[in-house]
Amino acid sequence: MNQFQDVFNEFSQLHNQKYNIGEILSFLDSKCANGYFDRDVYQQLIEQIPQASLQQQCTINQLINVFKKAQDVLNDKINKCQQIIDQKNIEIRAYNDKLRQQQTNSVNSQSKLNVEILDAEILYQGNGQLQISLECMSSIVYTQLAKRLNPVWNETFDFNANEQAVIKFILLDTELQQKRGIGGVAYIDINTFGDQMLHDFTVNLTDESNSIVRAKLHLKIQWIYSKNKYLQDLIDENTVQINQLEQEINDHIVDLDIINSPFKQAIKFQNNLTISTYQTQPNQQQQQASPLLISESQIDRLVQISLLLIILYLAFGLLNSLYRTLNFDFLVIFYCFLFYQKNYKLQSLLHIKIIMVMLGVALLMDIIWLAIYSTPYLGEFNAHFDHLEYSLQKYQIILSWLLLFVKIVVLMFYVHIYAIYPDKSTQVYDQQWNAIFGWKDIKQINIQRNYN
């Protein structure tokens, strides 16, 4: 706000006095490097001030508030877009992992049809209870009986179906069944769902002559006939959305640059996000070409090497446990193995932070223990000690020093992984960490995908 005021002070220091918007525009032109402030943007800003367009006048304070509001809105939009891009990049990695697992699996998955029957709207009179009969290939299933008024089922059925299948829905009415009649029927060709996406829609159930709509049935249907193609489609879809978001960010950056153009000499952004941080995440080829960034595959390889170090940590911990109680060390090792079980690919720096803190505490405990217990056993033999007891204690001290060395190596390796990770400030799980502890005011965006 002060930077805006400093610039407008050159126009006038009476910020509560009204001035002609044409004169203000001429002043903004003079402050731009190219001598021109965008007219469309200026008009949109003026329209945000009550009565300014009609009177062709506004105060400096009103205009400053509008400039600041526009800047905040654009910053917020860019921040949200970048968060969604980060989330979708994580989803793409998960889809790629599943795709690789699926391709290496020698057993081909069968074609699977999932049908969820939700509710219905009944369009004819009657008093009987309702039930849905669902037929696909040679299988026939039935829902539970439901009351006639606003019937709800929320039941899911799975079928093994091929491209020749036709799905048949029949509305059964206990009142009409006594007359050998049905409430309505509908047929759906399975190829309607050939895109393998989840379809949420309503189908009309007609009488047997297919002339009168008797009911409307709410369904969710998904047909997965190729898991590989399904996962690849999800990857392609997310990639397209990322490209669209990147273009949207670029558009917002252009608008932000236009708004800030008269104030570039005075403004030093105080936001946590500057324009430079709004640059979209570089693609994989750019990451490989840049000497300042490390590729995701290299990060994952380092994580796999750190697993071997944790196994070495476990081995020395077991040897030390013959003489010492290492409850905290085994807690650290358990957490590390739990992390690797669910994150063989590095998808969260939050776990790395927690592991580093726990290792630091374990190191401190070891240093204190060695400072207390190692002194009597590292010098010359003391006649007050039994020879066997002295040898065992000395063996314990040596193992404890080796364990301390292993912990230092493991901690240094995790610090190295964290230090070289690119774009830590936009890492999704780090934002969750900051949001939990209140270090940043970040709104979380949850994106749910179905790739079972």
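Quick caveat: nothing in here was measured; it's all calculated off a predicted structure.
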inquiry  = Is there a side-chain contact (heavy atoms from CB on, under 4.5 Å) between I140 and L134? Walk through the geometry before answering.
reply    = CA-CA 6 Å; I140 301 178; L134 172 57; over 6 Å; no
request  = Spell out, as yes or no, whether a donor-acceptor pair under 3.5 Å connects the side chain of T143 to the backbone of I132.
outcome  = yes
query = Got a second to check how far L245's CG is from K77's NZ, nearest 0.5 Å?
reply = 13.0 Å
ask   = So, for E163 and D189, which heavy atoms are closest and what is the spacing to 0.1 Å?
value = O-OD1, 4.4 Å
Full working for side-chain contact (heavy atoms from CB on, under 4.5 Å) between L403 and L326 = CA-CA 11 Å; L403 179 62; L326 300 175; 4.2 Å; yes
request  = Count the heavy atoms belonging to other residues, nucleotides or ligands that lie under 6.0 Å from CD of Q144, then report whether that count exceeds 12.
outcome  = no
inquiry  = Please report the interatomic distance CG(D38) to OH(Y36), rounded to the nearest 0.5 Å.
reply    = 5.5 Å
ask   = What's the spacing between W223 CH2 and S111 OG if we round to 0.5 Å?
value = 5.0 Å
ask   = Angle class for the Y42/F37 ring planes (parallel below 30°, perpendicular above 60°, tilted otherwise)?
value = perpendicular
query = Charged N to carboxylate O below 4.0 Å: is that the case for K69 and D72?
reply = no
message = Any donor-acceptor pair under 3.5 Å linking the side-chain atoms of N250 with those of E246?
response = no
message = Tell me if the centroids of the rings in Y187 and F169 come within less than 6.0 Å of each other.
response = no
ask   = With a 4.5 Å limit on heavy-atom distance, are the side chains of V115 and T156 in contact?
value = no
query = Is R93 paired with D97 through a side-chain N to carboxylate O contact shorter than 4.0 Å?
reply = no
inquiry  = For a 4.5 angstrom cut-off between non-hydrogen side-chain atoms, does I85 reach Q87?
reply    = no
ask   = Do you know the tightest heavy-atom contact between A362 and F328?
value = N-CE2, 3.6 Å
request  = For the residue pair V415 and M412, establish whether any side-chain heavy-atom pair is separated by less than 4.5 Å.
outcome  = no
message = Checking D119 now: which residues fulfil side chain to side chain donor-acceptor pair (under 3.5 Å) with it, not counting sequence neighbours?
response = none
query = Less than 4.5 Å apart, any side-chain heavy atom of L217 and any of T202?
reply = no
query = Quick one: does Q196's side chain have a donor or acceptor within less than 3.5 Å of a partner on Y225's backbone?
reply = yes
request  = Apply salt bridge (charged side-chain N to carboxylate O under 4.0 Å, His left out) to E10 and list each qualifying residue two or more places apart in sequence or on a separate chain.
outcome  = K31
ask   = Which class fits the ring pair F11 and F27: parallel under 30°, tilted 30 to 60°, perpendicular over 60°?
value = tilted
query = Could you go step by step and tell me if F8 and F263 meet the ring-ring contact (aromatic ring centres under 6.0 Å, His included) rule?
reply = CA-CA 9 Å; F8 276 111; F263 314 99; 5.8 Å; yes
task = Measure the shortest side-chain to side-chain distance between L113 and D158 over non-hydrogen atoms and say whether it is less than 4.5 angstrom.
result = no
query = Which heavy-atom pair separates P151 from K147 by the least distance, and what is that distance?
reply = CB-O, 3.3 Å
Residues L363, L411; criterion side-chain contact (heavy atoms from CB on, under 4.5 Å); working and verdict = CA-CA 9 Å; L363 278 173; L411 179 58; 3.4 Å; yes
task = Supply the atom-to-atom distance L63 CG to I46 CD1, rounded to the nearest 0.5 angstrom.
result = 5.5 Å
message = Would you say that more than 12 heavy atoms from the other residues, nucleotides or ligands in this model lie under 6.0 Å from the CZ of F201, or not?
response = yes
ask   = Can you tell me if Q82 and D86 form a side-chain donor-acceptor pair at under 3.5 Å?
value = yes
ask   = Less than 4.5 Å apart, any side-chain heavy atom of K220 and any of L118?
value = yes
ask   = Of the non-hydrogen atoms in P262 and V7, which two are nearest, and what is the gap between them?
value = O-CG1, 4.0 Å
request  = Mark yes when over 12 heavy atoms from residues, nucleotides or ligands other than F334 sit less than 6.0 Å from its CZ; otherwise mark no.
outcome  = no
key: Derivation of the side-chain contact (heavy atoms from CB on, under 4.5 Å) call for E135 and I167   = CA-CA 6 Å; E135 180 179 347; I167 313 170; over 6 Å; no
note = Residues I24 and C58: closest non-hydrogen pair is CD1-SG, 3.9 Å
task = With rounding to the nearest 0.5 Å, note down the distance linking CG in L402 to CG in L312.
result = 10.0 Å
message = Assess, by modelled atom type and distance only, whether the side chains of Q247 and D251 contain a donor and an acceptor separated by less than 3.5 Å.
response = yes
request  = Please list all pairs passing the salt bridge (charged side-chain N to carboxylate O under 4.0 Å, His left out) test where one or both residues lie in residues 404-417, with sequence neighbours left out.
outcome  = D329-K407, D366-K407
ask   = Would a distance-only check, ignoring hydrogens and angles, find a side-chain to backbone donor-acceptor pair under 3.5 Å from N79 to N75?
value = no
query = Side chains of Q222 and E116: closer than 4.5 Å at any heavy-atom pair?
reply = no
inquiry  = Show, in sequence, the C-alpha distance, side-chain angles and deciding distance for D29 and R39, and conclude whether the salt bridge (Lys or Arg N to Asp or Glu O under 4.0 Å) test is met.
reply    = CA-CA 10 Å; D29 285 340; R39 267 49 179 171; 2.8 Å; yes
inquiry  = Nearest 0.5 angstrom please: I333 CD1 to L314 CG, how far?
reply    = 5.0 Å
query = So do the side chains of N228 and L99 get within less than 4.5 Å of each other, counting heavy atoms only?
reply = yes
